[in-house]
Amino acid sequence: MEKAKTNELRLRYLNLLAEKYPTIAAASTEIINLKAILSLPKGTEHALSDIHGEAEAFVHVLKNGSGAVRAKIDEEFGSELSIRDKKQLATLIYYPEEKLQLLLENEEDPTDFYKTMFSRLIRVCRRSQTKYTRSKVRKAMPADFQYIMEELIYEQSDVANKEAYYDQIVTSIIGIGRAREFIIAMCNLIQRLVVDHLHIVGDIFDRGPSPAKIMDLLMDYHSVDIQWGNHDILWMGAASGQQACIANVLRISARYGNLDALEDDYGINVMPLANFASSVYGDDPCEDFYVHHLKREEVQVSQVEERLDVVMHKAISIIQFKLEGQLIMRHPEYHMEHRLLLDKVDYSRGVITIDGKEYELNDKNFPTIDPADPYALTEEEADVMHRLTHAFTHCERLQKHIRFLFKKGSMYLCYNDNLYYHGCIPFNEDGTFREVDLDGHRLSGKALFDFLEEWARKGFYLEKGDPDKTYGADLMWYTWSNQNSPLFGKDRMATYERYFIDDKATHEEHKDYYYRLIEDENICRMILREFHMDPQISHIVNGHVPVKIKKGESPLKANGRLLMIDGGFSRAYQDTTGIAGYTLIYNSYGLKLVTLDPFESREKAIKEETDIQSDIRVVAHVSRRKMVGDTDKGHQLQKDVDSLMELLAAYRSGEIRERG
């Protein structure tokens with residue numbers, strides 16, 4: 001009986017497959033095609049993390065593929081071109097429109113220049129496409145130049161009869177005034193071919209001014225996945241209407257001088273907060289709520305604007321502490337009572353008691369806090385939050401970006417023998433996974449990640465009024481700031497102490513045991529097994545914590561089994577780290593860790609042909625070049641081949657009739 005049912009399901013599947021491949025010839029052609037693809041080298045993967053709104057630096061790294069473009073130039077030309085010519089060609093590929101304009105300013109007759117650049121770009125493009133099928137390359141080409149590009153890229157230089165044909169194509173492009181457009185198209189195609197897939201290992205948002213631009217770029221990118229960071233989950237919670245998340249987003253935006261970007265890029269109207277803050281804190285010096293502009297020379301802020309940012313900063317901070325207190329009391333299972341601080345203040349004396357020790361507050365003006373009920377919002381504060389919540393949940397661009405984060409994102413990713421995640425795995429001191437009690441479940445390791453991801457999706461997608469939506473949205477705030485969250489990885493978020501207490505000992509946030517334990521290769525192997533990865537060949541790619549090179553820290557842990565690639569794009573960290581962090585290149589020959597220098601400006605990169613890649617370190621070199629057949633996609637393609645072989649056998653045995 002069971003055997004008959006299995007055979008029935010098999011025949012049903014084969015008949016469905018036969019609808020797509022209705023003949024022996026069609027099935028055979030696809031088998032040949034797929035087997036050929038399996039024999040191609042695997043495409044290059046590019047991993048970045050912790051972008052933090054720094055769009056210019058991100059765009060530059062995206063364009064140069066962390067040195068992958070320059071590597072193609074070096075492979076193709078060797079010593080044939082000078083270093084200067086190689087730098088010029090690389091910059092042209094990164095920024096074709098701007099660089100082309102600069103180069104042409106010094107050319108009286110650009111014809112020879114165009115022919116030289118055509119030749120060089122075609123050679124780089126020809127080398128870059130060798131990992132792909134002709135069909136895939138064709139799909140990547142712009143429609144306007146598809147036929148011409150295909151002819152030139154697949155030019156047979158040894159066929160004498162076609163020399164004049166190819167020369168005439170080039171001459172005609174120049175003659176009809178399309179040379180500039182063709183060069184730009186070629187450069188963009190090279191960028192597209194050099195990197196096959198992009199991994200973003202968390203934290204697109206906060207600190208920097210342009211997360212919206214970054215999200216737009218990612219939505220247009222040909223192949224990308226995202227592992228959520230703690231700052232991403234915060235914005236995801238805010239877009240879901242979770243008010244403590246919204247308050248945190250606004251506070252961080254105020255702290256880093258990005259409230260105008262919130263208005264300009266997302267249309268979030270902060271005037272209700274501005275009016276409220278001005279009326280309540282207008283005479284308050286707010287000395288501890290200064291704004292970090294991260295030394296951006298281009299930022300020109302008037303005293304009036306600066307003052308408004310400062311009072312808004314304080315106003316939203318107080319609202320945040322109230323909302324978080326309400327949330328903590330609503331969820332005792334979060335075990336965050338130690339973060340209930342507003343009720344520990346003696347407002348008449350201006351002191352707070354933490355862990356039995358009394359500290360003087362450096363700011364004693366709290367006009368909206370009722371000592372008898374310190375976590376209650378005033379009527380005006382509640383109205384501000386109501387308006388802001390409506391703005392976040394009804395912002396079309398923000399909602400589109402967050403839906404993309406859910407579509408392409410996850411808490412972690414297992415992909416081609418690498419495990420990607422942003423933060424940490426919560427550990428006990430003895431090297432065991434820490435169990436966390438949530439919703440009656442004892443969760444640790446992979447199960448904790450899966451649980452938090454499932455509820456984040458419910459918190460965003462379920463209808464307003466559904467209790468599960470509220471629970472899921474609250475869990476996004478938990479994931480942002482809880483001591484047991486894999487995306488946070490510290491014992492507490494000491495935001496209140498940093499604002500109001502001068503004693504720096506209270507500002508300390510102790511990292512999870514994870515960050516000490518991952519120096520041990522056995523621990524990393526245990527993590528890989530937990531996520532069903534082969535610990536003999538797999539690696540962990542980890543974002544979140546900037547590597548402090550100045551203090552002698554290394555991005556490689558556990559004999560290279562784990563790689564810390566916090567991109568360090570945020571200018572706030574670069575004085576501490578001494579670099580702009582790391583990116584990862586994973587091609588058919590192995591893993592390469594790329595060290596980045598701070599990015600100064602797009603203009604300097606174009607004019608002076610400077611780059612930010614300063615060092616490349618080979619982390620793992622394979623003894624046999626990896627092919628598509630060795631990848632996750634290859635394994636799926638092999639299953640497709642097996643199914644088609646079975647269909648072919650069914651056609652030939654008469655079990656299934658051809659349909660064509």
Could you pull out the closest heavy-atom pair between [X] and [Y], with the gap in Å?
| X | Y | answer |
| --- | --- | --- |
| Asp196 | Gly43 | CB-CA, 3.8 Å |
| Ala238 | Val249 | CB-CG2, 4.0 Å |
| Lys72 | Arg127 | O-CD, 3.7 Å |
| Tyr412 | Asp450 | OH-OD1, 2.8 Å |
| Asp232 | Gln227 | OD2-O, 4.3 Å |
| Ile328 | Met336 | CG2-O, 3.5 Å |

What is the distance from atom [atom1] of [X] to atom [atom2] of [Y], rounded to the nearest 0.5 Å?
| X | Y | atom1 | atom2 | answer |
| --- | --- | --- | --- | --- |
| Glu45 | Ser588 | CD | OG | 11.0 Å |
| Arg561 | Leu419 | CZ | CG | 12.0 Å |
| Met215 | Ile204 | CE | CD1 | 5.0 Å |
| Gln191 | Leu62 | CD | CG | 8.0 Å |
| Thr23 | Arg659 | OG1 | CZ | 11.5 Å |
| Ile200 | Leu218 | CD1 | CG | 5.0 Å |

[X] side chain vs [Y] backbone, donor-acceptor pair below 3.5 Å:
| X | Y | value |
| --- | --- | --- |
| His422 | Val201 | yes |
| Asn428 | Asp430 | no |
| Gln243 | Thr389 | no |
| Ser653 | Ala650 | yes |
| Glu530 | Lys446 | yes |
| His544 | Phe488 | yes |
| Asn15 | Leu11 | yes |

Side-chain contact test, heavy atoms from C-beta onward, threshold under 4.5 Å: evaluate it for [X] versus [Y] and give yes or no.
| X | Y | value |
| --- | --- | --- |
| Met236 | Trp480 | no |
| Asn230 | Ser485 | no |
| Glu463 | Lys469 | no |
| Met411 | Leu452 | yes |
| Glu333 | Asp437 | no |

Check your understanding: Testing His197, Lys407, Lys408 for side-chain hydrogen bond (donor to acceptor under 3.5 Å, both in side chains) with Asp225, which one passes?
Key -> His197
Within a 6.0 Å radius of atom [atom1] on [X], are there more than 12 heavy atoms belonging to other residues, nucleotides or ligands?
| X | atom1 | result |
| --- | --- | --- |
| Arg442 | CZ | yes |
| Tyr471 | OH | yes |
| Lys557 | NZ | yes |
| His390 | NE2 | no |
| Met645 | CE | no |
| Tyr513 | OH | no |

So, [X] and [Y], do they make that salt bridge, N to O below 4.0 Å?
| X | Y | result |
| --- | --- | --- |
| Glu453 | Arg457 | yes |
| Glu76 | Arg126 | no |
| Asp466 | Lys458 | no |
| Arg525 | Glu521 | yes |
| Arg10 | Glu646 | yes |

Point to revise | Phe427/Met526 under side-chain contact (heavy atoms from CB on, under 4.5 Å): CA gap, chis, key distance, verdict | key: CA-CA 12 Å; Phe427 265 92; Met526 183 175 82; 3.3 Å; yes
Review point. Do Lys42's NZ or CZ and the ring of Tyr586 fall within the cation-pi criteria of under 6.0 Å and 45°?
Key: yes
Check your understanding: Should the ring pair Tyr415 and His199 be called parallel, tilted or perpendicular, given that the plane angle runs from 0 to 90° and is split at 30 and 60?
Key -> perpendicular
Review point. Do the ring planes of Tyr266 and His401 sit parallel (below 30°), tilted (30 to 60°) or perpendicular (above 60°)?
Key: perpendicular
Exercise for review: I would like to know whether Asn484 and Tyr478 meet side-chain contact (heavy atoms from CB on, under 4.5 Å); could you show each step before the answer?
Suggested key: CA-CA 9 Å; Asn484 291 318; Tyr478 170 99; 3.5 Å; yes
Check your understanding: According to the salt bridge (charged side-chain N to carboxylate O under 4.0 Å, His left out) rule, which pairs have a member within residues 621-640, sequence neighbours left out?
Key -> Asp417-Lys626, Arg624-Asp630
Review point. Passes side-chain contact (heavy atoms from CB on, under 4.5 Å), Asp439 versus Trp455? Steps please.
Key: CA-CA 11 Å; Asp439 195 34; Trp455 279 98; 4.2 Å; yes
Check your understanding: Any luck finding a side-chain donor-acceptor pair between Thr44 and Lys131 under 3.5 Å?
Key -> yes
